[in-house]
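First the structure, in the form of structure tokens, and then the observations on it.
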Number of protein chains: 2
Amino acid sequence: MKTEIEPIKECSHTILAIHDVMDILNGKWKISIIACLCYKKMRYSELLREVKGISGRMLSRELKELEMNQLIIRNVLDTQPVTVEYEITEYGSTLKNLTNTIAEWGIKHRKRIIGK
Amino acid sequence: MKTEIEPIKECSHTILAIHDVMDILNGKWKISIIACLCYKKMRYSELLREVKGISGRMLSRELKELEMNQLIIRNVLDTQPVTVEYEITEYGSTLKNLTNTIAEWGIKHRKRIIGK
DNA sequence: GAAGTAAGTTACAAAAAGTAACCTTTCCAG
DNA sequence: CTGGAAAGGTTACTTTTTGTAACTTACTTC
């Protein structure tokens, strides 16, 4: 039993899985958008405000891609005037753990940078 | 006590933290590289093989940025010929939880896609 | 002495992201 | 009843990031 070759195998498996995730959550905005929508339903304009720095162009592109991957749903409400609400799907909400883990590291990192 | 405004605050905080992380782990390769190096020390050529699809140009760029952010260390060993080993730092290894969480989701996602 | 491996770099092309202006519908103030 | 302003985008144009492929230098094996 050559236990020394096992690591590589397991590593490749991990890399492959990460690559799969990054294909879906590519760009620097999607994870933030998901995190917002895990929090609550939001309208286009709310997301534009909440996801600091994103442009309208990027927001609509990213929302379309997330919708195509069935992570969010776009609801057009027939109010006057129409409002559009973006909502996380059940499947999308399985990413909550992921976004939380990232955010937690970010908070610790910020403390480390500022704290000393 | 207006509890209805609390969510936004907490959400912004999360988004900010995620943004901080994504500034450091930007691009689609860094997380994979970190995951590899969390696994074991690797040489440039090993990473090139392990991180499927990455080019030499991107690998050296990403490694430099990770090194600047003190997540990895570059060790030049005085063997004949010289070999260069990249190793995760103690701080970099605090990302292990993050890479694992991402990989876990990826594995579940793959099962979902293929499985049905 | 030809070819191969290791660890990169360089020049050029393609793709992704950012910027800013524009569009349509509807509401509200003067 | 005119003129903003907000909502939900889109379009044209620029800049930045990635990708491709060839090249480099030093050593090693056939």
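Here is the naming used below: chain letters follow the sequence lines, and residue numbers restart at 1 for every chain.
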Under 4.0 Å between a side-chain N/O of [X] and OP1 or OP2 of [N], yes or no?
{"X": "B:Tyr86", "N": "C:dG8", "result": "yes"}
{"X": "A:Arg74", "N": "D:dG9", "result": "yes"}
{"X": "B:Trp29", "N": "D:dG19", "result": "yes"}
{"X": "A:Lys28", "N": "C:dG18", "result": "yes"}

In whole angstrom, what separates [X]'s [atom1] from [N]'s [atom2]?
{"X": "A:Glu46", "N": "D:dA6", "atom1": "CD", "atom2": "P", "value": "15 Å"}
{"X": "B:Tyr44", "N": "D:dT24", "atom1": "OH", "atom2": "C1'", "value": "13 Å"}
{"X": "B:Leu59", "N": "C:dA6", "atom1": "CG", "atom2": "P", "value": "13 Å"}
{"X": "B:Glu62", "N": "C:dT9", "atom1": "CD", "atom2": "C1'", "value": "16 Å"}
{"X": "A:Asp78", "N": "D:dA7", "atom1": "CG", "atom2": "P", "value": "19 Å"}
{"X": "A:Lys30", "N": "C:dA16", "atom1": "NZ", "atom2": "P", "value": "10 Å"}
{"X": "A:Met58", "N": "D:dG9", "atom1": "CE", "atom2": "P", "value": "15 Å"}
{"X": "B:Met22", "N": "C:dA17", "atom1": "CE", "atom2": "P", "value": "12 Å"}

Candidates [options] - which lies nearest the side chain of [X]:
{"X": "B:Arg49", "options": "C:dA6, D:dT10, C:dG8", "answer": "C:dA6"}
{"X": "B:Arg57", "options": "C:dT9, C:dA11, D:dT10", "answer": "C:dA11"}
{"X": "A:Ser55", "options": "D:dG9, C:dT19, D:dA21", "answer": "C:dT19"}
{"X": "A:Arg43", "options": "D:dG8, D:dC27, C:dA7", "answer": "D:dG8"}
{"X": "B:Pro81", "options": "C:dG8, D:dG19, D:dT28", "answer": "D:dT28"}
{"X": "B:Thr83", "options": "C:dA7, D:dG9, C:dG8", "answer": "C:dA7"}

Would A:Glu67 and A:Tyr86 count as a side-chain hydrogen bond (donor to acceptor under 3.5 Å, both in side chains) if you check the C-alpha gap in whole Å, the side-chain angles of each, and the deciding distance to 0.1 Å? CA-CA 9 Å; A:Glu67 201 190 356; A:Tyr86 290 92; over 6 Å; no
Assert: residue with more 5' nearest nucleotide on DNA chain C, out of B:Lys64 and A:Gln80, is B:Lys64
Given that B:Ser60 and A:Arg61 both sit by DNA chain C, which one's nearest nucleotide is further toward the 5' end? B:Ser60
Pick base, sugar-phosphate or nothing for B:Ser45, based on heavy-atom distances below 4.0 Å to the nucleic acid. sugar-phosphate
Just by distance, do the side chain of A:Tyr44 and the backbone of A:Gly56 share a donor-acceptor pair under 3.5 Å? yes
Return yes when atom NZ of A:Lys108 has more than 12 non-hydrogen atoms of other residues, nucleotides or ligands closer than 6.0 Å, and no otherwise. no
Tested for side chain to side chain donor-acceptor pair (under 3.5 Å) against B:Asn75, the lone hit among B:Glu85, B:Arg43, B:Lys41, B:Glu87 is B:Glu87
Would you call B:Glu62 and B:Arg57 a salt bridge, taking side-chain N to carboxylate O under 4.0 Å as the test? no
With a 3.5 Å cut-off and no angle check, do the side chains of B:Lys96 and B:Asn100 form a donor-acceptor pair? no
